[in-house]
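Notes follow once the structure below has been shown.
Residue numbers start from 1 in every chain, and the chains themselves are labelled A, B, ... in the order their sequence lines are given, proteins ahead of strands. Just so you know, these numbers use all the heavy atoms, side chains as well, and skip hydrogens, waters and symmetry mates.
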Amino acid sequence: MNGLIYKDLKGALNAMKPIYILLSIAFYVFIIVRGGANSEIISSFSASWLVGMLSFLIVYGDEKSKWNKFEMILPLSKEKIVGSKYLLQLSVVPLSVLFTFLICTLSSILFVPVNHFVYTALLTLSFMIPLISGSVMFPLSIKLGTKVTRIVLMFFIYPILKLATAFQDGTFSPEIIQQNQHYLILGILLSVALYGLSYFISVKLYKRKL
Amino acid sequence: MTSDYTKTIELNGISKQYKKFKLKGCTFDVPKGRIVGFIGANGAGKTTIINAILGLIKVDSGELKIFGTDYKANQSYIRENTAVVFDEYLFPENMTPSEQDLMFSKIYKHWNSRYFNSTLQRFKIPTDQKTGQFSRGMKMILSIIIAIAQDPLLIVMDEPTTGLDIGNRSDAIDLFLEFIQDEAKTIFFSSHMINDLEQIADYIILINNGEIIFSEEKDRLLENYGILKCGKSEFENINPKDYVNYRNSSVNCDLLVSNKEKTKWQYPDFLLEDASLEDILLFYIKGEL
């Protein structure tokens with residue numbers, strides 16, 4: 001399993017050219033500077049969504065290079081083959097949280113400090129979004145291939161935008177978040193449980209047959 | 001698992017029905033320690049058989065054993081000891097051979113890193129360049145090196161030399177011959193390149209329209225098969241039981257016979273030539289019976 005995780009990490013790192021990283025940083029800095037206060041919300045959501053997409057891109061890369069055919073003949077159990085993908089997705093979750101932390105920090109330095117409760121909610125959601133997108137994406141791509149999954153992932157943009165709007169227009173004001181903090185913990189627990197359940201479904205769906 | 005089997009692959013009555021194609025009760029053995037060439041026209045069923053051997057398709061009926069056992073009983077042993085070279089490069093193109101070395105060393109128990117690196121060096125394959133930048137020939141040689149470095153008991157290859165230039169094909173054949181020096185190792189090799197098979201195979205299996213036509217020792221095939229040449233009028237007088245197949249041209253007729261000695265004695269007045277593997281394949285595929 002370590003070999004597969006190494007392959008995916010190396011593949012992701014090799015695909016990340018310094019120019020892309022610099023452009024992404026420049027893009028987010030631009031959004032925050034131009035957007036002013038509250039721009040950290042949409043930036044944080046989009047960064048989490050992008051991080052959630054990373055492992056989809058790796059699965060897509062496997063399909064494109066036809067590695068998934070070779071994968072079927074590896075001397076590894078299907079639990080390990082599927083598990084390596086789930087572990088990889090899990091490993092990028094801290095990256096999503098880190099991005100949100102940096103975006104909020106930058107926004108706090110440049111404009112007004114981000115409210116403590118909004119900060120906590122954004123960090124929580126940055127943890128949940130990659131897990132939820134992985135939970136949906138893996139079983140779908142195993143069962144239906146990445147073409148269909150790509151379309152389904154596009155539909156994720158809508159709820160993410162709605163959520164971001166709810167933060168920006170005050171629906172999720174600091175007071176409301178403060179009163180409903182326990183839902184954040186529940187959200188974390190549910191997303192972890194969903195991720196675990198998704199793993200078992202994916203193992204069940206994974207077939208070593210053409 | 002023990003290594004006291006004599007047949008590396010045993011297929012017994014394997015059938016598989018697709019919409020437009022059917023494998024019809026295929027039966028053959030691949031002896032341990034040999035190179036077995038698997039030939040047939042496009043769409044004859046070679047890849048389907050290979051996929052069945054690799055456990056990648058579920059067959060409708062029949063029995064399949066690898067190393068004297070089946071996938072249900074010993075899946076991990078079979079997979080650990082079977083390496084595959086497909087007709088295309090299936091590895092991530094944004095990785096370098098050095099990175100592949102590290103990856104495979106964590107996947108395969110018997111991965112031979114020293115062999116991998118020294119063979120790359122021998123074939124002048126750069127270890128620090130992404131494989132996406134390699135030519136098709138280099139990628140296929142790399143695929144073969146990866147298969148051998150797994151230190152398997154069996155290598156299954158699906159058209160590995162197709163599309164390679166003469167230099168790369170010769171390199172690939174050298175690698176196969178080195179691998180087979182160990183008598184416990186077996187190669188099962190499908191190819192259109194009849195010359196390659198003629199050069200290295202010990203046994204030949206011919207498949208046509210989903211049916212195994214023969215499974216024979218190559219030397220015995222070349223020794224026994226021949227082409228009888230006669231005129232069109234003389235053809236009428238030849239007993240159909242005495243030939244396997246025939247091909248008509250505008251003036252004469254060529255007949256493939258499977259027992260040269262007997263034919264020489266039966267038809268002493270006709271010209272009898274040796275048949276090459278390519279001739280045999282062509283008569284079965286393009287013959288008029």
Original post:
Who wins among B:Leu54, B:Asn51, B:Leu102 for the most heavy-atom pairs under 4.5 Å with chain A?
Top reply: B:Leu102

Subject >> Greater than 12 external heavy atoms within 6.0 Å of B:Gln133's CD >> reply: yes

Subject >> Within 6.0 Å of NZ in A:Lys80, more than 12 heavy atoms from elsewhere >> reply: no

Original post:
Taking only residues two or more places apart in sequence, or in another chain, which ones meet B:Asn94 in a side chain to side chain donor-acceptor pair (under 3.5 Å)?
Top reply: none

**OP:** Could you tell me which of B:Gln150, B:Glu88, B:Lys109 has the largest number of non-hydrogen atom pairs under 4.5 Å with chain A?
**Re:** B:Glu88

Original post:
Do B:Met103 and A:Lys10 come within less than 4.5 Å of each other through their side chains, counting heavy atoms only?
Top reply: no

Subject >> Segment of B:Tyr89 engaging chain A (4.5 angstrom heavy-atom cut-off) >> reply: backbone

**OP:** For B:Phe134, look at atom CZ and say whether over 12 heavy atoms of other residues, nucleotides or ligands are found less than 6.0 Å away.
**Re:** yes

**OP:** Select one option (side chain, backbone, both, neither) describing which atoms of B:Gln75 are under 4.5 Å from chain A's heavy atoms.
**Re:** side chain

Original post:
Do you know the tightest heavy-atom contact between A:Phe70 and B:Val84?
Top reply: CE1-O, 4.3 Å

**OP:** Check whether any side-chain heavy atom of B:Leu56 lies under 4.5 Å from a side-chain heavy atom of A:Ile73, and answer yes or no.
**Re:** yes

Original post:
What are the two closest non-hydrogen atoms of B:Ser76 and A:Pro75, and how far apart are they?
Top reply: O-CB, 4.5 Å

Subject >> More than 12 heavy atoms of other groups within 6.0 Å of A:Phe99 CZ >> reply: no

Subject >> Contact winner vs chain A - B:Ile78, B:Ile57, B:Thr96, heavy-atom pairs under 4.5 Å >> reply: B:Ile57

Original post:
Counting heavy atoms not belonging to A:Lys143, are there more than 12 under 6.0 Å from its NZ?
Top reply: no

Original post:
If you take all heavy atoms of A:Ser65 and B:Phe91, which pair is closest and at what distance?
Top reply: CB-O, 4.2 Å

Original post:
Residue by residue, which of residues 15-22 of chain B have a heavy atom closer than 4.5 Å to a heavy atom belonging to chain A?
Top reply: none

**OP:** Taking all heavy atoms of A:Gly3 and all of B:Ile107, pick out the closest pair and write down the distance.
**Re:** CA-CG1, 3.9 Å

Original post:
Taking all non-hydrogen atoms of both residues, which atom of A:Trp67 and which atom of B:Pro92 are closest, and how far apart?
Top reply: CE3-CD, 3.7 Å

Subject >> Least distance between heavy atoms, A:Met72 atom then B:Arg79 atom >> reply: O-NH1, 3.4 Å

Subject >> When B:Gln100, B:Lys106, B:Glu80, B:Glu99 are compared by non-hydrogen pairs under 4.5 Å with chain A, the top option >> reply: B:Glu99

Original post:
Of the backbone (N, CA, C, O) and the side chain (C-beta and beyond), which part of A:Lys7 lies under 4.5 Å from a heavy atom of chain B, both, or neither?
Top reply: both

